[in-house]
Amino acid sequence: MTKEKKLSITIDNKKMEVRPNMTILQAARENSVYIPSLCILEHLPSYGACRLCVVEVDGLRGFPTSCTTPVEEGMVIRTDTAEVRSLRQEVLKLLLSEHPASCLFCGEQSECKDYQGTIRKVGVTTGCRYCPNDNRCELQLITEKVGLTETSYPVYYRNFPIEKEDPFYDRDYNLCILCGRCVRVCNDVRLNGTLSFKQRGKLTTIGPAFDRTHLDAGCEFCGACVTVCPTGALSAKVSKWYGRPDSQVGTTCVYCPVGCKVILQIKNDETIDALPDYDSPVDQGLVCVKGRFAIPEYVHSAKRYISPQRLTPIGYEDISWDKALDEAKERLSGIKPEDCLVVVSPQLSNEDLFVAQRFTREVMNSEEMFSLVITDLGADLVPFLDLVMHASSYDAINTAQGILAIGFDSTYGFTPIGIQIKAAARKGANLVTIGSYESNLDMLAETAHQTEPSHWAGMIDPLGKAMSGNGKTNIVIVGPDVFLGPERREALGRVIALRDVYKWKVIVAHPYTNLLGMLATGAFPGIKPGEVLKNGDKGSAVTIKGAAVYPDLQKKRKVVYVIGEARLDMVPPCDHLIYQNGLPPESGRKPDLILPACMFTETSGTTINAEGKVLPIQKAYEPFMKSKPDWWIMSGIAEKLQKRTFKYNSVQAIQGDIRKQIKGFFSMKKRLEFVRVGMKEGGEGTRDAALRGKRSPASREETYRGTPLASVVSGMKAIEERRRHE
Amino acid sequence: MPETIEKILKKHGRTTDELIPILQDVQKEFGYIAPESVKRISRYLKVSENQIYGVSSFYAQFRFTEPGRHGIKVCLGTACHVRGGATLLEMLERGLGISCGQTTDDKRYDLERVACLGCCALSPVVQIDRDIYSRMTVNRLTELLKEYE
Amino acid sequence: MNKLTKHIISAKKKWEELLDNKEPIIYVGAASCGRAAGALDLLTEINAFLKEHNIEARVMQVGCIGPCYLEPLVDIKMPGQQRISYNNVNAKTLALILKSHLLEGKPHAKLALGHFGKEPLNGIQPFYELPMLKPQVRIVLRNCGLIDPEDIDQYLAVDGYQGFMNALKMKPEDVIGVVHQAGLRGRGGAGFPTFRKWTVCRNSPGEQKYLICNADEGDPGAFMNRSLIESDPHAVLEGMLIAGYAIGASKGIIYIRAEYPLAIDRLKSAIKQMREYGLLGKNILGSDFSFDIKIKEGAGAFVCGEETALIGSIEGKRGMPKSRPPFPAVSGLFKSPTIINNVETLGTLPNILRNGAEWYNKFGKEGNRGTKTFSLVGKVRRPGLIEVQLGTPLREIIFDIGGGVQKNFKAIQTGGPSGGCLSEEFLDLPVDYESLAAAGSIMGSGGLIIMDEDTCIVDVAKYFLDFTQKESCGKCVPCRVGTRHMVEILDRITHGEGNPEDLLALRTLGDTIKKGALCGLGQTAPNPVLTTLRYFRNEYLEHIKDNRCRAVVCKDLIEYRVIKEKCTGCQSCVRVCPTGAISGPRSEPHNLDKTKCIKCRSCYEICRHDAIAGDAIVIRSAEKRT
């Protein structure tokens with residue numbers, strides 16, 4: 001970038017140099033000059049409605065708003081004259097006359113505080129604490145800064161009914177100041193268009209068309225509007241009455257492989273909310289409903305195990321960890337390698353996966369690892385892995401001239417990808433969609449094909465051919481309906497052909513969060529740690545044995561050790577079932593031993609996203625009750641078994657070992673690159689028949705550690721029902 | 001209805017500046033903007049239904065319910081105001097039992113106020129359907145309404 | 001230019017034939033206001049009459065010549081005679097006129113208004129010598145009512161498109177120079193020098209530039225633009241060609257209120273004719289200049305008269321104004337340089353380019369050159385559309401042209417809801433941009449509303465504020481919330497519930513809105529209140545302190561009474577009273593029960609017009625409440 005010529009301006013008698021193309025407000029903020037403002041927010045287009053950021057500028061008539069006026073060479077700006085101050089106060093008075101303001105000006109304020117701990121018997125808007133945003137409200141802050149202590153105007157209480165019928169967040173438009181942040185974020189940032197100003201003048205309201213519910217109006221429940229709302233008008237159902245958080249921790253959401261950053265809001269060692277980070281390079285703050293709203297309810301589910309448990313003839317009994325590990329040792333000691341199957345979830349962290357493969361290989365001396373990815377994909381695993389392991393980075397969407405989205409809908413997931421697609425389509429990229437129902441991308445598509453999945457494979461080739469050519473860059477997005485559908489073999493093959501023949505880029509939107517980590521750390525049958533990573537001049541392909549990948553699911557084992565998976569009906573029969581997870585299993589099967597594991601908010605680690613980037617998972621607080629990290633439990637069992645092969649006391653220690661064993665794994669800036677994977681010996685689905693049909697193929701259910709989010713998070717249930725309805 | 005909307009859409013380009021002209025044509029055809037129309041326009045212009053509703057509800061011209069058989073518009077321009085336009089409106093509201101922007105239960109009349117019909121020299125003015133009546137009085141208006149079944 | 005020259009020659013010939021007509025011509029003023037007054041019924045009757053008497057005559061619909069109070073107007077021109085105008089024609093008088101003038105060849109002197117000839121005519125005065133017309137200078141309105149607005153040939157015959165052809169011979173910069181010398185200022189309200197805006201736009205980079213004609217005449221009480229377009233659409237369209245050529249635009253858009261269907265139709269047919277004559281499209285008249293014009297109908301939002309809101313509306317968005325800079329001349333429609341000119345500004349351009357800047361400088365005064373059209377309405381005797389030189393004193397407009405006020409003059413509102421209300425002491429104020437601004441008002445687009453003693457000033461202020469408040473887009477806080485508080489306070493005062501502090505609150509609110517609002521609509525919204533507070537403070541105080549509305553307008557402060565001495569007991573009022581408040585047997589004075597009376601005015605009206613007594617029901621200030 002060429003160096004921009006700086007402009008010299010004067011703010012409040014201070015000369016300063018600023019970059020061109022800035023507004024006065026931005027220049028002032030960069031130079032620590034405070035100007036109050038409400039409607040402007042970084043990352044949103046300026047709007048100029050609240051009129052609080054008014055300033056005086058020599059040569060400009062009246063009082064221009066600093067958020068809309070660009071700086072010019074030699075500009076002389078005054079931000080704090082008596083007239084500006086009084087105008088701001090008067091404007092704020094007007095603004096507050098549309099907004100119940102007893103939290104600011106009530107005479108009983110101090111006494112009121114004393115009673116705030118008591119149980120409220122009244123509705124939230126008629127009681128004294130009518131506002132969920134108390135103490136975090138930008139209006140309160142601004143009022144203090146502007147120095148307003150009383151207001152003389154009557155309050156227009158608009159008497160809108162509070163809207164609670166939608167999942168995840170409530171809306172009390174009586175508190176709305178019409179700053180338009182939510183409308184702008186919904187339309188300009190999320191490109192979703194659910195929220196709109198309606199009517200005009202004093203009758204202006206915000207919401208979807210025809211008084212529809214948000215659910216009916218295509219809302220993604222991304223919560224961006226709630227995040228940007230400066231008042232209590234929009235509030236998350238789960239967290240609205242918690243007040244200010246004690247602290248916050250940035251981490252990576254593990255509900256899917258996109259790898260969005262979320263900033264957990266912590267109060268009393270609990271996640272009360274999760275906010276997006278607009279500066280996150282991976283997702284630009286474009287998290288979906290799961291990352292934004294489904295974390296607190298899940299990780300603090302009432303169903304969580306509080307202690308290790310053992311099944312006895314009269315039911316489960318709580319036992320100590322020491323006893324629990326002993327119990328595990330007893331079951332596992334002295335059995336033949338093939339009598340134990342270790343089931344691992346691709347939603348574990350790299351560190352947990354690394355320990356899991358060491359446990360299997362070094363403690364159990366076997367290759368008997370298994371993951372439900374294998375049952376889901378059956379005989380089509382290899383082409384699927386081929387696509388997943390050679391996926392493009394997300395920014396390729398931005399520059400693509402042609403985009404083909406197959407079986408892909410980003411309403412409630414993969415939103416950073418979906419929004420990039422929308423942005424590209426608006427810029428003029430040729431977007432073509434194929435799906436069995438109307439997806440959220442169809443509206444912007446040049447052509448939207450709605451047909452049965454059985455037709456998809458046949459369409460890929462001709463469409464691809466038509467879109468290719470003339471040095472065009474194209475990208476294909478493969479949604480779950482493609483590779484979980486019955487016609488997937490043909491379709492996956494065609495996509496591979498697009499990639500290999502026409503040089504298309506590919507992104508696979510799959511639900512297996514850390515599948516790449518599973519492959520990279522070798523927590524996969526037949527693949528050694530680091531083996532599939534491209535590393536200098538090492539071989540560029542790995543061949544795995546079909547026999548190892550597809551275990552005999554009919555054969556009864558002595559022990560099955562399930563780590564972070566809850567769909568036990570897919571797991572082979574056994575004498576003893578060790579179940580290591582946070583929430584109870586989904587099927588009626590009763591584990592013999594329950595080992596309570598941590599959620600991703602309670603332990604650190606890393607995960608690899610669909611682009612191949614290694615992203616950090618941060619521990620936010622101590623584990624819930626007696627829960628322990630997965631690696632700690634495995635390490636503990638190994639120790640009890642007196643296999644002195646490994647013993648870990650910390651995540652750092654595991655990472656040290658990974659670093660040693662897998663070169664370049666933690667060079668965080670780079671994307672990991674993968675070699676080709678092939679399969680021999682019975683790869684052609686020897687046991688495909690047994691594997692098929694185990695999972696309803698078109699299931700688009702969102703799960704974490706095997707538990708559907710909808711069964712734990714109330715709002716997700718509403719979304720799931722709506723999806724089925726469609 | 002769907003074919004008629006398609007016909008209207010075909011007459012316009014697919015850029016957002018065609019939104020208001022399309023809405024005007026739809027309203028001219030059907031008398032109001034129905035949710036189905038909004039849906040079709042949304043797909044045609046690639047603008048969300050919510051945004052279309054936001055735009056259309058901003059403008060006084062568009063309505064979202066079926067209109068009555070006769071539209072009564074009372075001019076409340078300045079000239080008409082100083083010559084008693086508001087009294088005419090009040091009388092209509094009372095007489096028809098509806099307020100501005102509503103339709104009588106028997107779907108006979110719609111009542112609206114307009115800012116100015118531009119016939120200020122002939123004030124006060126009332127428009128019924130396409131006819132403009134000048135120098136209106138309460139009593140003349142009562143008689144006049146009877147002519148519109 | 002051959003093609004157009006041929007058209008001009010044949011047009012002039014046709015025009016000559018028209019002036020030297022062989023068969024009678026009947027002109028009917030059929031602009032919107034004429035139609036509202038019944039012009040279309042007259043047309044039917046004229047045609048029936050012609051058929052019945054088997055007369056070959058030409059019937060022409062023309063636009064509005066100005067004196068709306070005389071509508072409907074019918075003019076007759078017999079072969080070899082001059083055109084004679086008849087006013088306030090109804091079915092009865094029409095029959096008399098047609099019989100006398102058309103059948104017997106004798107102008108009906110008693111019913112005639114004036115004649116358009118140069119020679120005196122016994123018993124009929126020249127039309128332009130009428131007191132309403134004599135003081136006027138008609139530049140923009142020069143063709144209104146005289147030519148057929150649907151016939152481009154008639155416009156060409158009166159030197160139409162000559163100004164544009166002159167412009168085409170100059171460099172665009174020189175066209176801007178002429179407009180600069182002419183001293184033309186934007187007629188939309190603020191009076192910004194037209195050439196300056198144009199220069200900015202011309203110099204702004206951008207391949208595509210737009211010219212928008214702002215015909216969103218939203219001011220209640222203003223209809224100059226509608227009349228001009230309905231009566232002489234080509235004048236505006238020619239102006240657009242000139243402006244488009246000067247700024248380098250290739251696309252013109254007319255943003256016009258949907259409430260003006262006739263004006264829209266006239267524009268559509270005029271544009272069609274322009275295209276046929278090669279005045280639109282690629283390489284107009286063989287030059288490098290290509291231009292086309294599209295019509296966009298507004299959808300009913302006053303705020304869309306504001307430039308940035310208007311642009312938003314054309315783009316298919318909510319008409320919410322945006323902060324400036326960037327100015328539309330730099331980044332406007334679809335982010336391209338855009339000039340928005342008012343109808344009248346554009347209608348003036350052909351005259352300037354045809355006759356030169358020097359000629360234009362003869363009108364008006366230094367800094368305020370040229371003429372301005374106004375719609376003169378309210379309680380004036382001769383309401384209508386007028387055009388006067390800038391600098392003409394208000395008194396001349398109201399009394400000489402308007403014929404004075406029906407009762408005693410009280411106030412004049414200039415500039416519509418954004419303007420101010422001026423009292424009697426300002427009658428000698430010259431009408432120019434600066435003088436009006438100094439008095440706290442604005443020129444605005446040209447609505448002049450005259451109020452007499454029957455108009456309550458607080459009610460009028462409330463009316464304007466209520467209007468802007470309803471039309472506020474709701475975006476910025478001062479306008480959305482501030483005007484609401486002001487309306488509420490004014491409402492209290494008109495209900496007799498005000499208190500003296502309210503006046504201070506109104507001032508403070510007005511001040512905040514003026515300084516703080518985003519757009520011109522908001523910034524000028526308090527003007528009617530601020531000026532009336534300044535010039536009619538006593539009337540506010542009367543409402544507050546004495547609960548008295550001297551104009552007997554504010555309903556809560558007045559009552560209806562039956563004057564027993566005058567009432568003949570005709571029962572007309574009893575029949576129309578919707579609440580049964582009036583009672584009494586026939587032939588005996590009636591009783592009016594104040595507790596039931598809703599002050600709907602029905603009895604008052606019926607007593608004035610239909611009853612036997614005539615004025616037995618009066619409206620008076622109520623007795624002071626305690």
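Computed over heavy atoms, backbone and side chain alike; hydrogens, waters and symmetry mates excluded. In the text below, chain A, chain B and the rest are named by the order of the sequence lines, each starting its count at 1.
Across all their heavy atoms, B:R83 and C:G378 have their closest contact at NH2-O, 2.7 Å. The minimum heavy-atom distance linking B:V138 with C:S602 is given by the pair CG1-OG, 3.3 Å. The minimum heavy-atom distance between B:G54 and C:R318, with the atom names listed, is O-NH1, 2.8 Å. Between C:A299 and B:I20, the closest heavy-atom pair is CB-CG2, 4.1 Å.
Within the 4.5 angstrom heavy-atom criterion, no atom of C:R382 approaches chain B. Only the side chain of C:C304 comes within contact range of chain B, judged by heavy atoms closer than 4.5 Å. Interface remark: B:R140 contributes no atoms to any contact with chain C (heavy atom separation under 4.5 Å). Contact of C:I606 with chain B is made through backbone and side chain together, with heavy-atom distances under 4.5 Å. No part of C:P67 comes within reach of chain B, as not one of its non-hydrogen atoms sits under 4.5 angstrom from that chain. In this structure, chain C has a heavy atom under 4.5 Å from the backbone of B:L117, while its side chain stays farther away. Contacts of C:Y604 with chain B are absent, with no heavy-atom separation under 4.5 Å from either backbone or side chain. Interface residue C:A222: only backbone heavy atoms are found under 4.5 Å from chain B. C:S313 touches chain B through backbone and side chain together, each having a heavy atom under 4.5 Å away. Residue C:D454 does not touch chain B at all, counting heavy-atom pairs closer than 4.5 Å. At a 4.5 Å heavy-atom cutoff, the contact between C:F464 and chain B is made by side-chain atoms alone.
Chain B forms more heavy-atom pairs under 4.5 Å with one residue of C:M451, C:K379, C:M320, C:E259 than with any other, namely C:K379. Ranking C:C68, C:P578, C:C33, C:G319 against chain B, the residue ahead of the rest is C:G319, based on heavy-atom pairs under 4.5 Å. Residue with the most contacts toward chain B among C:M224, C:R35, C:R226, C:E217: C:R226 (heavy-atom pairs, distance under 4.5 Å). The choice from C:L385, C:I598, C:L376, C:V553 that makes the most heavy-atom pairs within less than 4.5 Å of chain B is C:I598. With chain C as partner, the option from B:Q127, B:R94, B:R135 having the largest number of non-hydrogen pairs under 4.5 angstrom is B:R94.
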Please evaluate residues B:L19 and C:K317 with respect to the criterion side-chain contact (heavy atoms from CB on, under 4.5 Å), reporting the C-alpha separation (whole Å), side-chain torsions for both, the decisive distance (0.1 Å), and the verdict. CA-CA 8 Å; B:L19 173 57; C:K317 299 179 188 148; over 6 Å; no

Would you check, one step at a time, whether the test side-chain contact (heavy atoms from CB on, under 4.5 Å) holds for C:V460 with B:V82? CA-CA 8 Å; C:V460 164; B:V82 297; 4.2 Å; yes

B:R113 and C:K470: CA distance, side-chain angles, deciding distance, side-chain contact (heavy atoms from CB on, under 4.5 Å) verdict: CA-CA 12 Å; B:R113 52 186 293 165; C:K470 286 204 169 75; 3.5 Å; yes

Step by step, work out the salt bridge (Lys or Arg N to Asp or Glu O under 4.0 Å) result for B:E90 and C:K599. CA-CA 10 Å; B:E90 241 170 75; C:K599 299 163 189 173; over 6 Å; no

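Judged purely by atom type and a 3.5 angstrom limit, C:K296 uses its side chain to pair as donor or acceptor with the backbone of B:D17. Side-chain N or O atoms of B:S134 include none that pairs as donor or acceptor with a backbone N or O of C:A37 at under 3.5 Å. Looking only at distances, no side-chain donor or acceptor of C:E315 sits under 3.5 Å from a matching main-chain atom of B:T16. With C:R601 contributing its side chain and B:T87 its backbone, the two residues share no donor-acceptor pair below 3.5 Å. With hydrogens and angles ignored, the 3.5 Å screen pairs no side-chain donor or acceptor of B:Y59 with any backbone N or O of C:G298. With hydrogens and angles ignored, the 3.5 Å screen pairs a side-chain donor or acceptor of B:Q24 with a backbone N or O of C:E297. At distances below 3.5 Å, at least one donor-acceptor pair connects side-chain atoms of C:Y463 with backbone N or O atoms of B:L76.
Atoms CG and CZ, from B:L122 and C:F223 in turn, are 8.0 Å apart once rounded to the nearest 0.5 Å.
For B:R130, the CZ atom is loosely surrounded, since the number of other residues' heavy atoms within 6.0 Å does not exceed 12. Sparse packing is recorded around CG of B:D105, with 12 or fewer heavy atoms of other residues, nucleotides or ligands lying under 6.0 Å away. Within a 6.0 Å radius of NZ in B:K107, other residues, nucleotides and ligands contribute more than 12 heavy atoms.
B:T78 is not listed as a side-chain neighbour of C:V377, based on a closest heavy-atom distance of 4.5 Å or more. The side-chain heavy atoms of B:F58 and C:V303, taken from C-beta on, include a pair separated by under 4.5 Å.
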